[in-house]
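Please read the structure below before turning to the comments.
It should be emphasised that the depicted structure is a prediction, and the values quoted were computed from it without experimental measurement.
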Amino acid sequence: MFLFSRHANQRYIVINPGSHVIETAIFEKSATSPAPVNIQKTVARFHQTSRDGYTFEGLHELLAFLLKGRAPQKVVIGIGSNIAETSLQEWKLDSLHLRESLTAARIQQYFQQLFNEHHDGNHALLAYPLSLDINGYPADIHSLATHDASTIKEITLRTVMLRFSDEAGFAFGNLRKAFGGISIEFVPLQAATAEALATACNIHDGLLIDVGQSSTEMIFIHDNILRHIVSFPLGADRFSHRIIKIRGGKFIEAQDLARQYSQGLMSKEEQARLSHIFLEETVVWKNAFLHALESFYSIAPLPRDLYLYGSGSYIPEVRSAIWTSDVLKSFSSFESVHGHIIQAPQIFNSDPLQGLIKGPEDVDLASLMYYSLYHVPLF
């Protein structure tokens with residue numbers, strides 16, 4: 001049993017299971033500021049060899065530890081491409097002949113019906129509803145009753161689908177069973193980050209580029225709507241592995257060396273000795289980036305604003321590869337790009353939360369915090 005003070009602030013927990021670390025933030029909602037207060041941040045490091053080799057036992061143990069004491073308002077766990085395959089789908093209901101007003105409850109029934117149609121039964125899936133179109137136009141689900149039902153011919157539900165391995169599906173299913181009295185929400189990390197950056201940073205048209213440790217995520221926001229998600233398995237780790245191949249040593253040492261290089265924390269002589277490694281690996285990364293851009297072509301012309309974040313965004317060669325004038329020439333009418341580096345404090349009006357969120361590497365965690373406080377479910 002949990003005992004609560006009548007005036008106790010609501011407590012929130014967010015967990016970001018990354019490729020090599022599990023980041024956690026415990027905090028409370030402020031009554032006077034959009035930024036959270038009384039924040040505790042922890043980072044637990046582990047080694048992961050593959051998506052199926054993820055340390056789910058460690059996540060279970062961590063959550064059990066965090067839930068000791070006062071129960072949280074809710075727990076939000078971000079699911080990235082290192083855990084589940086992610087795709088953005090448009091589910092349509094057409095040839096409709098509605099006689100009664102459309103309600104949010106009815107849309108939820110449609111969503112469950114469409115999920116059942118898309119679920120093959122062989123894999124663990126999680127469907128996350130993003131937005132709603134009526135007759136091809138964005139609609140506010142809370143004003144559906146104002147629509148003339150007889151004019152609604154087509155409903156489109158834009159949905160993020162997460163496809164888990166058997167091991168991951170079993171593990172996350174067990175989390176909910178083990179902590180059945182606690183509200184636990186699994187949210188696609190790409191969706192939570194897109195919502196936080198669009199709302200808090202006023203990004204209404206832009207390409208978000210998250211260069212993480214093991215992969216790069218590309219998220220396209222067009223007219224305030226998340227329109228496309230794609231990832232490729234190249235991130236900052238590739239540079240560390242190349243350092244090991246050339247110089248030897250342990251992975252954690254190579255990671256630290258790559259960090260020092262990227263942030264200019266080494267001598268010019270050492271920087272020069274490593275520069276050819278970063279230049280050569282960036283060529284491989286940029287080729288994968290350009291190949292991934294091809295999938296955006298059928299969605300809409302790409303905007304000129306590119307927003308870079310993630311631990312790999314410190315690498316100077318990666319920044320240069322994206323900011324070059326020719327990067328959009330085949331995908332957009334713009335001849336040059338406007339490059340931006342997203343800093344995590346921007347999500348909370350430039351508040352670094354007592355120094356607990358710092359640069360582009362903390363954007364995902366800060367986005368989960370913002371999401372947990374301010375997200376309004378579609379239905």
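Residues I209 and L306 have side chains in contact (heavy-atom distance under 4.5 Å, counting atoms from C-beta outward). Within the 4.5 Å cutoff, side-chain heavy atoms of L197 are placed close to those of I347. Proximity of K245 to I277: side-chain heavy atoms (C-beta onward) are nowhere separated by under 4.5 Å. At least one side-chain heavy atom of F278 sits less than 4.5 Å from a side-chain heavy atom of S262. When side chains are defined from C-beta on, I219 does not count as touching D210, because their heavy atoms never get closer than 4.5 Å. A heavy-atom distance below 4.5 Å is not found between the side chains of Q73 and K29. Within the 4.5 Å cutoff, the side chain of F379 has no heavy atoms near those of the L132 side chain. At least one side-chain heavy atom of P36 sits under 4.5 Å from a side-chain heavy atom of L353.
Distance check, rounded to the nearest 0.5 Å: NZ of K286 to CG of L293 gives 10.5 Å. Between the CG atom in L114 and the CD atom in E90 there is a gap of 12.5 Å [rounded to 0.5 Å]. Rounded to the nearest 0.5 Å, atoms CZ (R273) and OH (Y261) are 12.5 Å apart. Rounded to the nearest 0.5 angstrom, T193 OG1 and N16 CG are separated by 8.0 Å. The distance from atom CD1 of I77 to atom CG of L189, rounded to the nearest 0.5 Å, is 12.0 Å. Between the CG atom of L66 and the CD1 atom of I26 there is a distance of 4.5 Å, given to the nearest 0.5 Å.
Following chains of ILVMFWY side-chain contacts shorter than 4.5 Å, one can reach F186 starting from L162, so the two form part of one hydrophobic cluster. Linking ILVMFWY side-chain heavy atoms closer than 4.5 Å, directly or via other members, places V37 and F348 in two distinct hydrophobic clusters. The cluster map of Ile, Leu, Val, Met, Phe, Trp and Tyr, joined by side-chain heavy atoms under 4.5 Å apart, puts I252 and F239 in different clusters. By the criterion of side-chain heavy atoms lying less than 4.5 angstrom apart, applied directly or through intervening Ile, Leu, Val, Met, Phe, Trp or Tyr residues, V76 is grouped together with L356 in one hydrophobic cluster. No continuous path of hydrophobic side-chain contacts links L265 to I315 [ILVMFWY only; heavy atoms under 4.5 Å].
The number of heavy atoms from other shown groups lying within 6.0 Å of CD1 (I299) is above 12. Heavy-atom contacts from other residues, nucleotides or ligands closer than 6.0 Å to NZ of K358 number 12 or fewer. More than 12 heavy atoms of other shown residues, nucleotides or ligands fall within 6.0 angstrom of atom NE2 in H119.
Proximity of the aromatic rings of H241 and F251 is defined here by a centroid distance below 6.0 angstrom, and this criterion is met.
A salt bridge links E270 and R247; the closest N-O separation between the charged side-chain nitrogens and carboxylate oxygens is under 4.0 Å. At a threshold of 4.0 Å, the pair R11-E28 does not count as salt-bridged, since none of the basic side-chain nitrogens sits closer than that to a carboxylate oxygen.
Among D305, D223, N224, the single residue meeting the side-chain hydrogen bond (donor to acceptor under 3.5 Å, both in side chains) criterion with H204 is N224. Test E361, R259, Q263 against Y314 for side-chain hydrogen bond (donor to acceptor under 3.5 Å, both in side chains) and you get one pass: E361.
Both the sub-6.0 Å distance and the 45° axial angle are satisfied by R106 relative to the ring of Y110.
With sequence neighbours excluded, no residue satisfies ring-ring contact (aromatic ring centres under 6.0 Å, His included) with Y297.
Nearest approach of E317 to L279, heavy atoms of both residues: CG-CD2, 3.7 Å. The two residues L102 and L144 come nearest to each other via the heavy atoms O-CB, 3.2 Å. Pairing each heavy atom of L378 with each of S131, the nearest pair is CD2-N, 4.0 Å. Between G78 and P17, the shortest heavy-atom contact is O-CD, 3.1 Å. Here the closest non-hydrogen pair linking D133 and P138 is OD1-CA, 3.4 Å. Residues E154 and G136 share a closest heavy-atom pair of OE1-N, 4.1 Å.
Neither side chain, Y374 nor E195, offers a donor N or O lying under 3.5 Å from an acceptor on the other. Side-chain polar atoms of S311 and Q213 form a donor-acceptor pair below 3.5 angstrom. With hydrogens and angles left out, the side-chain atoms of S165 and E167 include no donor and acceptor closer than 3.5 Å. With 3.5 Å as the limit, one finds no donor-acceptor pair spanning the side chains of S214 and D237.
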Worksheet item: Can you check side-chain contact (heavy atoms from CB on, under 4.5 Å) on I79 and F164, steps first, answer last?
Response: CA-CA 10 Å; I79 307 297; F164 296 88; 3.9 Å; yes
Discussion item. Using side-chain contact (heavy atoms from CB on, under 4.5 Å), reason through L226 and Q190 one step at a time and then give a plain yes or no.
Written reply: CA-CA 9 Å; L226 177 54; Q190 300 92 332; 5.5 Å; no
Worksheet item: Going through the distances and angles, do W91 and H118 end up as a side-chain contact (heavy atoms from CB on, under 4.5 Å)?
Response: CA-CA 9 Å; W91 295 350; H118 287 80; 3.4 Å; yes
Discussion item. Using side-chain contact (heavy atoms from CB on, under 4.5 Å), reason through L157 and I107 one step at a time and then give a plain yes or no.
Written reply: CA-CA 9 Å; L157 280 159; I107 291 292; 4.1 Å; yes
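Ring geometry, F232 versus F289: the interplanar angle exceeds 60°, so the pair is classed perpendicular (tilted spans 30 to 60°). Ring-plane geometry between H340 and H338 is classed as perpendicular, the angle between the planes exceeding 60 degrees on a 0 to 90 degree scale with a lower cut at 30. Under the 30°/60° scheme for interplanar angles, the aromatic rings of H228 and F296 are found to stand perpendicular. A tilted orientation is assigned to the rings of Y128 and Y371, their planes being inclined by 30° to 60°.
Judged purely by atom type and a 3.5 angstrom limit, K74 has no side-chain atom pairing as donor or acceptor with the backbone of E185. With hydrogens and angles disregarded, a donor-acceptor distance shorter than 3.5 Å links the side chain of S33 to the backbone of A35. Formation of a donor-acceptor pair under 3.5 Å by the S143 side chain with backbone atoms of D140 is found in this model.
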